[in-house]
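Both ligands and their constituent atoms are indexed starting at 1 by order of listing.
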Amino acid sequence: MKLSFLADVNSAADTVVFPVFKGQELKGALESLDSQTGGLIAQHYNASKHFKFKLGQTLVLHLPDVTGFSQAILLGLGDEEKMTTDNAEIAGGKLCKALKSSGVQHAGVYMDYGVTDSDLSVDLLIAHLALGLNLASYDFDKYKDKREPCDDDTTLAAVDFISSQSEVADKVYHVLDALAQGVFFARDLVNEPPNVLYPESYAEIVKEKLKPLGVQVEVLDDKKMLKMGMGSLMAVGQGSIRKPRMVIMRWNGGDADDKPLGFVGKGVTFDTGGISIKPAGQMDLMKMDMGGSAAVCGLMYSLALRKAPVNVVGAIGLVENMPSDNAYRPGDVIKAYNGKTIEVLNTDAEGRLVLCDTLSYVQEQDDPKVLIDLATLTGAILVALGTEFSGVFCNDDDLWAKMESSGANSGEKLWRMPLGENFSEEMKSKIADYRNLGTVSRYGGASTAAAFLEFFIDKGRPWAHMDIAGTAWAHKDKPLGPLGGTGAGVRALHKFISDHYE
Ligand code: BES
Ligand code: ZN
Ligand code: ZN
């Protein structure tokens with residue numbers, strides 16, 4: 001689908017779209033269309049039982065030939081004073097669905113309002129409508145038989161946004177398009193089945209995708225990691241014939257002496273639970289246990305695509321968690337890269353064991369000024385926050401303030417969760433330095449997991465852990481994407497970077 005920002009309608013468009021705020025007068029191009037059609041628009045505009053200008057609501061009107069278009073679509077924008085970038089994206093997403101279900105091939109969206117009452121300028125409104133439309137157009141159909149046309153096949157090929165602000169909108173959208181490409185990369189990685197995406201193949205995909213954009217990609221293989229003493233990450237992977245990898249991506253778009261921002265992702269390409277095996281029901285969903293790593297890859301892709309003027313390092317720990325005669329066991333004591341020992345009490349609490357070595361390595365090698373990890377870490381975060389909010393555990397109020405302000409305007413929702421001495425105490429072992437499971441009960445399971453990670457963060461380093469177990473996967477179609485991988489984390493962190501570090 002090609003999105004364009006034009007000053008005038010393209011003659012190839014078969015459908016015209018009019019986004020309209022509640023109470024907005026019939027004016028401009030909409031008014032001309034109304035007179036051309038003998039008042040067809042006004043008839044539905046003022047007294048429709050069906051169209052109430054609600055955010056994302058659509059009404060399709062078939063047009064007579066004289067107009068040169070086959071149909072017009074009214075797109076509700078809700079209350080003008082409530083318009084935000086998030087709402088614009090949702091309206092754009094709903095428009096995408098309406099265009100596809102009406103069989104539209106080429107649409108022209110009229111955006112000329114002049115001055116609006118909302119805080120959102122017209123160029124931002126247009127660019128975020130376009131972002132929503134783009135995000136919603138995502139589909140993962142590479143494994144479908146292309147020889148047979150499928151019902152929901154769409155031919156939507158082009159959408160033009162027409163306004164006097166087209167040049168500015170185009171500029172704003174340029175950045176958002178790079179963001180959307182990063183979200184798509186993350187979604188693709190999460191949706192990829194685990195027989196196709198495993199540590200070795202994952203590392204190859206990252207190289208192929210990021211190297212051409214100028215990202216430096218370093219891959220540590222299993223032999224190297226064993227030698228280096230990454231005993232924690234390696235223990236998790238030892239039960240699988242698919243050997244672990246660590247991939248470190250470096251984008252140096254900023255000043256040479258500027259310390260990088262660091263992002264670390266959990267990349268368990270399939271989590272059976274290992275010897276502490278999971279129940280069979282919905283175990284297939286555990287292909288998404290690499291959602292944190294996918295977000296890091298998506299973020300790096302977006303930044304490199306738009307040549308962001310920042311230094312960023314992204315590191316992902318890739319393993320498959322399998323039961324086998326060589327698998328690690330409950331009861332094992334393993335040694336992490338930083339020299340600390342860990343008593344394993346449940347092999348299904350594996351994400352923290354992969355992350356701790358990845359976190360240690362990136363701190364040692366790159367000394368990031370801020371470190372954020374993302375992981376589908378605990379079922380407990382789903383119990384606490386559901387599927388809309390990602391939980392953020394943060395050791396630094398200033399860092400949290402930045403994440404909160406950016407997250408709130410990125411289309412993602414973030415919620416701060418507690419760390420603390422009581423959680424840390426639970427993660428200390430009698431026979432080793434730490435244990436990978438809380439001592440007392442399952443209560444506070446997302447916080448004890450975060451407290452474990454905190455042991456591996458250097459003193460004084462601002463750090464946040466995002467538990468995205470609830471948000472990395474959509475269990476049904478949503479306005480901005482279908483059932484499946486969501487790309488959670490990419491939008492919030494992309495905005496976090498562009499707001500505070502560029
Ligand atoms: N990958 C899971 C967490 C998860 C759950 C991700 C649901 C996505 C959706 C993680 O490795 C896990 O199994 N955690 C255990 C930890 C427990 C054994 C302490 C959990 O949450 O039950
Ligand atoms: Zn697990
Ligand atoms: Zn897991």
Quiz item: Which residue holds the protein heavy atom closest to atom 22 (O) of ligand 1, what is that atom called, and what is the gap in Å?
Solution: Arg442 NH2, 3.5 Å
Quiz item: Can you name the side-chain hydrogen bond (donor to acceptor under 3.5 Å, both in side chains) partners of Trp463, sequence neighbours left out?
Solution: Asp373
Quiz item: Under 3.5 Å, is there a donor-acceptor pair linking the side chains of Asn191 and Tyr138?
Solution: yes
Quiz item: Do we get Arg416 above Phe393's six-membered ring, with its NZ or CZ under 6.0 Å from the centre and within 45° of the axis?
Solution: no
Self-check item: Residue and atom name of the nearest protein heavy atom (relative to atom 2 (C) of ligand 1), distance in Å to one decimal
Solution: Asp271 OD2, 3.6 Å
Quiz item: What's the shortest distance from atom 20 (C) of ligand 1 to any protein heavy atom, and which residue and atom give it?
Solution: Gly379 N, 3.8 Å
Quiz item: Is a side-chain N or O of Asp433 found less than 3.5 angstrom from the main chain of Thr341, in a donor-acceptor match?
Solution: yes
Practice problem: Mark yes or no for whether Thr269, through its side chain, and Tyr198, through its backbone, hold a donor-acceptor pair below 3.5 Å. | Solution: no
Quiz item: Does a donor on one side chain sit under 3.5 Å from an acceptor on the other, for Thr378 and Asp467?
Solution: yes
Quiz item: Which residue supplies the protein heavy atom nearest to atom 9 (C) of ligand 1, what is that atom called, and how far is it?
Solution: Met286 CE, 3.6 Å
Quiz prompt | Within-cut-off N or O pair, Asp289 and ligand 1, under 3.5 Å | solution = yes
Quiz item: Going by heavy atoms in the side chains, are Thr471 and Glu388 under 4.5 Å from each other?
Solution: no
Quiz item: When you look for heavy atoms under 4.0 Å from ligand 1, do you find them on the side chain of Leu437, its backbone, both, or neither?
Solution: side chain
Quiz item: Of the backbone atoms (N, CA, C, O) and the side-chain heavy atoms from C-beta on, which set of Asp348 has a member under 4.0 Å from an atom of ligand 1: side chain, backbone, both, or neither?
Solution: both
Quiz prompt | Taking atom 18 (C) of ligand 1 as the reference point, the nearest protein heavy atom with its distance | solution = Asn346 ND2, 3.6 Å
Quiz prompt | For atom 10 (C) of ligand 1, closest protein heavy-atom neighbour | solution = Leu377 O, 3.3 Å
Quiz item: So, for Phe456 and Tyr337, is the gap between ring centers shorter than 6.0 Å?
Solution: no
Self-check item: Under 2.8 Å from the Zn ion (ligand 3) - protein N/O/S, by chain and number
Solution: Lys266 NZ, Asp271 OD2, Asp289 OD2, Glu350 OE2
Practice problem: Can you measure from CG (Asp348) to CD1 (Ile277) and round to the nearest 0.5 angstrom? | Solution: 9.5 Å
Quiz item: Any chance the rings of Phe140 and Phe184 have centres within less than 6.0 Å?
Solution: no
Quiz prompt | Where ligand 1 meets Ala469 - atom numbers and elements under 4.0 angstrom, heavy-atom basis | solution = 6 (C), 8 (C), 9 (C)
Exercise. For residues Arg435 and Ile342, determine if any side-chain heavy atom of one lies less than 4.5 Å from a side-chain heavy atom of the other.
Key: no
Quiz item: Rounded to the nearest 0.5 Å, how far apart are CG of Leu55 and CG of Asn87?
Solution: 5.0 Å
Quiz item: Does Lys266 have a heavy atom less than 4.0 Å from any atom of ligand 1?
Solution: yes
Quiz item: So which heavy atom in the protein is nearest atom 16 (C) of ligand 1, and how far is it from that ligand atom?
Solution: Arg352 NH2, 4.0 Å
